[in-house]
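Order of the sequence lines fixes the chain letters, A, B, ..., with proteins taken first and strands second; residue numbering starts at 1 for each chain. All heavy atoms count here, side chains included; hydrogens, waters and symmetry mates do not.
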Protein chains: 4
Amino acid sequence: MFKCDGFRRRRKAERPGEILDAAFEAFADRGFAATRLEDVAARAGVTKGTIYVYFATKEKLFEEMVRSHSAGLLADADAVFAGSEGASEDKLRALLQFFYSHIVADRRGREILRFMVAEGKHFPQLVAEHYRDFVTPMLGMVQALLEEGVKAGRFRADLNPETVRVVIAPTVFLAMNRLIHGDASPVDEQAYFAAHVELALNGLLAKPGLEAAAQSHG
Amino acid sequence: MFKCDGFRRRRKAERPGEILDAAFEAFADRGFAATRLEDVAARAGVTKGTIYVYFATKEKLFEEMVRSHSAGLLADADAVFAGSEGASEDKLRALLQFFYSHIVADRRGREILRFMVAEGKHFPQLVAEHYRDFVTPMLGMVQALLEEGVKAGRFRADLNPETVRVVIAPTVFLAMNRLIHGDASPVDEQAYFAAHVELALNGLLAKPGLEAAAQSHG
Amino acid sequence: MFKCDGFRRRRKAERPGEILDAAFEAFADRGFAATRLEDVAARAGVTKGTIYVYFATKEKLFEEMVRSHSAGLLADADAVFAGSEGASEDKLRALLQFFYSHIVADRRGREILRFMVAEGKHFPQLVAEHYRDFVTPMLGMVQALLEEGVKAGRFRADLNPETVRVVIAPTVFLAMNRLIHGDASPVDEQAYFAAHVELALNGLLAKPGLEAAAQSHG
Amino acid sequence: MFKCDGFRRRRKAERPGEILDAAFEAFADRGFAATRLEDVAARAGVTKGTIYVYFATKEKLFEEMVRSHSAGLLADADAVFAGSEGASEDKLRALLQFFYSHIVADRRGREILRFMVAEGKHFPQLVAEHYRDFVTPMLGMVQALLEEGVKAGRFRADLNPETVRVVIAPTVFLAMNRLIHGDASPVDEQAYFAAHVELALNGLLAKPGLEAAAQSHG
DNA sequence: GATGAATGAGACTTCATTCAT
DNA sequence: TATGAATGAAGTCTCATTCAT
């Protein structure tokens with residue numbers, strides 16, 4: 001009556017996850033349409049048929065894969081604030097740093113972005129979920145920070161509602177740059193991050209007498 | 001001995017362009033792999049075979065399409081400088097405006113970006129050309145502007161070399177946003193543009209006594 | 001983990017052979033280029049896709065087919081010598097008889113010849129193999145027989161090295177005749193065989209006093 | 001009213017012939033089915049459409065090509081007899097020599113043979129014509145020679161009716177050999193011809209006392 | 001007569017999906 | 001549950017043939 005010993009049972013329980021991981025690699029490599037289920041199967045160490053035990057269609061597999069690899073991307077975001085007790089500008093730097101490590105540096109985050117751009121049109125549900133679960137929280141965090149900074153008198157009071165997107169934009173730009181150029185990206189990411197923080201806080205204009213403040217956060 | 005003339009000659013001359021346009025629509029709609037040559041043919045008002053009169057393979061068609069639709073995107077960029085005789089900040093605003101209208105608002109520009117993200121891995125040559133013909137000039141223009149501004153004392157002198165990318169980033173972010181969300185984009189683009197210029201010039205930090213200057217360019 | 005068994009296993013084991021047989025019929029009927037894989041599939045009682053489970057391309061299918069149908073054509077040739085204990089001329093007759101039944105009478109042998117003539121230019125590897133595995137052994141057998149006959153004083157000592165090919169030639173000629181004329185071949189094959197043996201042994205010239213010897217082997 | 005000057009008129013008159021020559025090369029190279037009309041056109045220095053001015057279909061072109069290249073292959077055969085006033089064996093040698101030079105050595109003759117083997121099944125009319133215009137006359141010539149030789153007492157009287165084909169067979173064998181192996185043919189054709197004549201006249205059997213006669217014709 | 005753009009049927013090949021085992 | 005042989009629809013590409021010029 002019992003067919004599975006411990007090992008088998010564990011294998012069985014892990015199968016879907018292994019397939020989803022394999023699917024991530026395969027779809028990230030060639031895109032949805034150009035990826036063959038056989039590629040996914042080969043990467044997962046199973047055969048084509050096995051995929052259909054867990055996923056009804058290629059589309060469902062893709063959707064589940066995106067969901068599973070999106071989940072948890074922002075999981076420890078709250079800790080960022082808890083850890084940074086400093087001024088608003090310090091918190092912003094910490095938050096952007098968090099985004100860099102989870103969107104730019106983390107391959108998962110980057111490829112999810114690619115999926116949205118490349119396949120989003122045919123997976124609107126996925127786009128909606130991504131916006132709800134990922135973009136909105138991100139914007140919310142930055143928005144909260146900006147409002148806190150304004151309230152604290154650290155940030156200018158005349159920031160318009162879209163400022164929050166503009167603040168995040170360079171992060172996404174860098175992610176896209178890596179997506180496009182891979183390892184051959186021509187960007188000095190350390191300097192880029194510094195420039196991002198610098199520009200967000202101080203802008204381009206020369207402001208005599210305030211140089212010191214700007215420098216202190218370079 | 002005599003080449004065809006009149007009607008036939010005109011058709012012959014126009015066909016490739018018509019096919020290229022149809023290919024743009026089709027590939028933009030479904031991506032490279034999922035697009036059927038028959039779709040392209042139908043859109044162009046020809047039959048499958050006709051495409052092969054002008055393009056050897058689906059790949060070549062795609063490449064030629066991207067090239068033809070990339071060409072000229074930055075054609076009138078120089079005029080931007082000629083037209084704006086004001087201060088560096090005015091010139092920057094004008095340049096960003098130009099980018100918005102050619103990358104964000106112009107569907108061609110946006111979809112080229114999608115092609116780079118979605119298909120770039122399999123068309124490295126195209127990515128290289130895009131970087132050379134499109135990204136590099138763009139960065140060059142902004143870089144020149146920044147240097148001019150620094151020299152004129154309008155911009156801070158401590159800008160690092162990556163600042164130029166950070167300045168442009170929000171433009172690309174907005175383009176990507178439209179690519180992902182289509183007409184359902186949740187961004188107020190007018191406000192976004194204003195926030196972009198505002199942040200680029202003034203940054204987030206409150207700077208008592210300089211409010212007036214910032215406002216004058218809102 | 002368990003391979004399919006029983007019915008499925010047997011089908012799996014037989015499929016390639018069935019396809020190869022169908023391919024032989026189809027290619028023999030129309031030639032390589034004019035044969036559609038769908039014809040092969042229909043003859044084999046499978047669908048087009050199934051062929052690709054076992055053979056990567058039409059070319060590979062053709063090559064494998066020729067190999068499988070060439071194999072064993074000369075398998076029982078050695079028995080010919082064992083069985084004929086008589087004089088050299090009797091052995092020659094027996095050997096030629098063997099060739100007639102395997103090259104002329106056996107459809108497989110004939111069509112292989114057609115493949116060499118019709119498709120050999122595009123399958124040089126196949127031609128090389130055919131020469132090595134089929135022609136060379138055939139020539140070797142006849143050559144051995146001739147040498148034996150010369151040594152025994154039955155055959156003339158001044159035979160040149162190409163004689164061996166000349167001896168076999170009428171066999172191939174008859175095969176070709178059937179290939180070209182099919183069932184409408186105008187040749188009386190019984191008489192042709194007799195004439196072949198007769199000419200090979202006695203030649204055309206009238207040799208008074210030796211008539212008896214010649215007749216005894218007609 | 002007159003459109004063509006001398007040159008043009010001559011060109012026009014030569015067109016069909018040039019196309020037929022090009023067709024011969026193309027079809028000989030790749031076979032009927034695999035040859036593209038465009039290949040033929042390119043070789044002929046015209047365009048596809050031009051072929052259809054002179055030939056209704058690919059099939060008709062092939063047929064006309066075979067006819068035009070078969071014609072005249074045996075044109076000067078009669079001269080062979082006129083020129084050889086010697087004994088029957090000398091005449092046979094001369095006739096075989098003629099066949100070697102027109103079937104084996106002449107590329108036209110060889111490739112016609114290939115067409116018969118490779119495409120004959122789908123051009124039965126062509127096979128019939130080839131048999132009537134080429135094979136039958138050949139056989140007739142040899143037959144006449146054999147009968148003359150028998151009558152003159154030079155050849156054995158008991159030759160059966162198929163002997164004539166056996167006598168010719170080695171010629172065709174050699175042609176086929178060249179078709180299959182091209183320039184890499186492993187046959188020493190000089191020796192082969194000698195062996196052919198030798199065997200046809202003297203056969204394999206040792207005939208003490210007649211060696212001299214045999215040698216005199218080697 | 002000559003051209004070559006255009007056609008469209010049809011070829012080879014791929015691959016998501018099914019299902020007997 | 002897992003397999004992988006089998007399917008067949010659909011894709012890319014070819015090419016004989018047509019026809020306006």
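If you find the closest nucleotide of DNA chain E to Gly49(C) and to Gly49(B), the one lying nearer the 5' end belongs to Gly49(B). Between Leu37(B) and Thr50(C), it is Thr50(C) whose nearest contact on DNA chain F lies nearer the 5' terminus. Take the nearest nucleotide of DNA chain F for Ala56(D) and for Thr47(C): the residue whose nucleotide is more 5' is Thr47(C).
Residues Phe115(D) and Phe32(D) place their aromatic rings such that the two centres sit no closer than 6.0 Å.
As a whole-Å value, the separation of Ile51(D) CD1 from dC19(F) P is 18 Å. Atom-to-atom, CD1 of Ile19(D) to P of dT3(E) comes out at 9 Å; the value is rounded to the nearest Å. The nearest whole Å value for the distance from the NZ atom in Lys60(C) to the P atom in dT13(E) is 12 Å. Between Phe62(C) atom CZ and dC12(E) atom P there is a gap of 14 Å when expressed in whole angstrom units. Remark: P of dT17(F) and CZ of Arg36(D) are 15 Å apart, rounded to the nearest angstrom. Computed from coordinates, the Glu18(A) CD to dA2(F) C1' distance equals 14 Å when rounded to whole Å. Here dC12(E) presents its C1' atom at 11 Å from CD of Glu38(C), a figure rounded to the nearest Å. Taking atom CZ of residue Phe32(D) and atom C1' of nucleotide dC15(F), one finds them 12 Å apart after rounding to whole Å.
Minimum atom distance to the side chain of Val53(C) is reached by dA5(F), of the listed dA5(F), dC12(E), dA6(E).
Between Tyr54(C) and dA5(F) there is no side-chain polar atom (N or O) within less than 4.0 angstrom of OP1 or OP2. Proximity of Arg15(B) to the phosphate of dA6(E): a side-chain N or O atom is located under 4.0 Å from OP1 or OP2. Between Tyr52(C) and dC15(E), a side-chain N or O to OP1/OP2 separation shorter than 4.0 Å is absent.
Proximity of Met116(A) to Val66(A): side-chain heavy atoms (C-beta onward) are separated by under 4.5 Å at one or more points. Using a 4.5 Å heavy-atom threshold, the side chains of Phe24(B) and Leu20(B) count as separate.
At a cut-off of 3.5 angstrom, the base of dT17(F) holds at least one donor-acceptor pair with the side chain of Lys48(D).
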Review point. Step by step, would you call Arg107(C) with Glu25(C) a salt bridge (Lys or Arg N to Asp or Glu O under 4.0 Å)?
Key: CA-CA 10 Å; Arg107(C) 179 140 172 274; Glu25(C) 296 298 334; 3.0 Å; yes
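The environment of CD in Glu38(C) is sparse: at most 12 heavy-atom neighbours from other residues, nucleotides or ligands sit within 6.0 Å.
Pair assignment for dG4(F): dC19(E), on the basis of Watson-Crick or G-U wobble contacts that are both within less than 3.5 Å.
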